[in-house]
Protein chains: 2
Amino acid sequence: MENEHTYSASSYRTPDGAPTDIVIFTITAQDRESGKKSLPLRELQLLLIERKIWPFQGVWALPGGFTQETETVAECAQRELKEETGISDVRIEYFNVYSAPGRDPRGWMISHAFLALVKEDLLRERKASIDAADVRLFPVSEAMNMKLAFDHHDIIRDALDKIREKMLTTTIAKEFLPEEFTIGELYQVIQTVVPAFEEKNFIRKVTSTQIRKGIIEEVRDEAGKLKSSNKYSQRAAQLYRFTDYEPQLSIYS
Amino acid sequence: MENEHTYSASSYRTPDGAPTDIVIFTITAQDRESGKKSLPLRELQLLLIERKIWPFQGVWALPGGFTQETETVAECAQRELKEETGISDVRIEYFNVYSAPGRDPRGWMISHAFLALVKEDLLRERKASIDAADVRLFPVSEAMNMKLAFDHHDIIRDALDKIREKMLTTTIAKEFLPEEFTIGELYQVIQTVVPAFEEKNFIRKVTSTQIRKGIIEEVRDEAGKLKSSNKYSQRAAQLYRFTDYEPQLSIYS
DNA sequence: AAAATAGTGTCTATAAGACATTATGGT
DNA sequence: ACCATAATGTCTTATAGACACTATTTT
């Protein structure tokens, strides 16, 4: 009877680990040197850590680590992110698995890749951990030309494709923006992630077109007066916030 | 020097396996009894196999099996699908990982779930394997009310959400249709997967609207004359085929 | 006044959306 | 003649797309 419950596959070769890798994107904003008020220069960056141990000692890599028996891979990603960079309370999203034989010199490792978009200020809390010599942001274009550990080059490429698609089809732009923002900031964030994006009448589409009307809404103060900001420009710009509405896209309607 | 290369994590607990599960959807078409020509009744179905061994002996489950060290999880899914059901040359797509502790009584198993959409006739080649007492199609609504092995209920629910989304945002409808099809068939396939889908002027949108114009094209015979079919109706309907064009959707443009 | 960003007016072509109407050919 | 499905006509309103123009406030 007990023999019936013997799991025959247990005598097979089993994986040597189920690691997670986390691709953290952020958009940095840097004020331009000209004394005048103007939109800051924005750049898409990602977070890497320098490996202190074999394999790929001294090489930059994505944060991540090994899943434990008592947690899901998503919980592992949250935990490792906290341990290695000090970042917590971030919405991370699973996007792919990497299982090519030989991808990890330590053995048979099937890695689960997550991505997260965080506001720049959250990264100020980052710290070097005992496992990493250093933690740093790199511009995405620079990271793609660096030597990276494992197949992290592929993982970053896939993550980038994914957020480009999501930037245009969902409201993830909000992950990069403050609660209240101007149309100019929103436009700039979209273009930072998707450089090819260009819409001549952007302000009209996003505010007055029927199907998109609900995505963002004007911010008003306690008295009900429209709230604006002249942080980036001489003329004050109307502030907006995202609503909870997520438009449903379709190629057939 | 050699000690430096010792993988310290190798002394940790490692997973007991990296299985794959494959959700195969098909749409069956059944002619209506009325002698007259009319559109067939279509139904979304999925393929399950009955387990012959512990755990969940005698319970219906998704096809799948254990990944080997020499293959990727995607290759495993293709191989297991072939072994258990006889289906090959199908485009399968990875969609999620299932890693909740305790999800598999055999031990710590992190499962990788794939989905595939196949034309009904491909399933005619299916066969019972040595591991499965039986292989059968079930209507999705019926499968969701059955007792299923492991967390396959969750996997199917997620797969269903995924194909509903993809049915409206990509051209996967082609996976369910013959090379040449009528607008009526296309409409019916979309509605079979997404019952809520309804478009009054469907034929016009899909054929004459600028942005969608390139998705499908009219089929012509050798002489260049428009080709039509009266398979489902008295009046012959124009035949169409999908092009290679995949529209890029955006909430901002 | 110049600069920099915000926002509106106006025009044309195209698309959406609703419905009624016509077309075709087998039973 | 009737039926089921295919396809078009017609009308109103909404959106796309282009581009010139006006608005606001700091330097």
Over how many whole Å does the gap from A:Leu239 atom CG to C:dA6 atom P extend? 11 Å
Under 6.0 Å from the ring centre and within 45 degrees of the ring axis: does the NZ or CZ of A:Arg204 meet both conditions for the six-membered ring of A:Phe202? no
Taking the ring of A:Phe181 and the ring of A:Phe242, is the distance between their centroids below 6.0 Å? yes
Compare the minimum distances between each of C:dA3, D:dA7, C:dG7 and the side chain of B:Ala237, then state the nucleotide with the smallest one. D:dA7
Kindly determine whether B:Asp21 and B:His112 satisfy side chain to side chain donor-acceptor pair (under 3.5 Å), including the steps that lead there. CA-CA 6 Å; B:Asp21 290 299; B:His112 302 90; over 6 Å; no
Among the candidates C:dG26, C:dT5, D:dA7, find the nucleotide nearest to the side-chain atoms of B:Gln238. D:dA7
Could you tell me the separation between the OH atom of B:Tyr252 and the P atom of D:dA16, rounded to a whole number of Å? 15 Å
Kindly say whether, by distance alone, the side chain of A:Arg204 makes a donor-acceptor pair under 3.5 Å with the base of C:dG9? yes
Sort out for me which residue in A:Val118, A:Leu47, A:Val140 forms a side chain to side chain contact (heavy atoms under 4.5 Å, CB included) with A:Phe25. A:Val140
Return the value, rounded to whole Å, for the distance between atom CD of A:Glu198 and atom C1' of D:dC19. 14 Å
Provide, to the nearest angstrom, the distance between the CD atom belonging to A:Gln234 and the P atom belonging to C:dG7. 13 Å
For B:Arg235 and C:dT27, what is the distance between atoms CZ and C1' respectively, to the nearest whole Å? 18 Å
Ignoring backbone atoms, test whether B:Lys205 places a side-chain nitrogen or oxygen under 4.0 Å from the OP1 or OP2 oxygen of C:dG17. yes
Nearest whole angstrom, please: distance from the C1' of D:dT5 to the OH of B:Tyr240. 14 Å
More than 12 foreign heavy atoms under 6.0 Å from CG of B:Asp244: is that the case here? no
Residue mapping more 5' on DNA chain C - nearest nucleotide basis, A:Asn201 or A:Ser233: A:Ser233
Interatomic distance where CZ belongs to A:Phe202 and P belongs to D:dA16 [whole Å]: 13 Å
Comparing A:Glu199 and A:Ala236 on DNA chain D - which has the more 5′ nearest nucleotide: A:Glu199
Using only heavy-atom distances, decide whether a donor-acceptor pair under 3.5 angstrom links the side-chain of B:Asn230 to the base of C:dG25. no
Using atom CG of A:Asp31 as one end and atom C1' of C:dT5 as the other, report the distance to the nearest whole Å. 15 Å
With the side chain defined as heavy atoms from C-beta on, A:Lys200 is closest, among D:dA7, C:dA18, D:dA18, to D:dA18
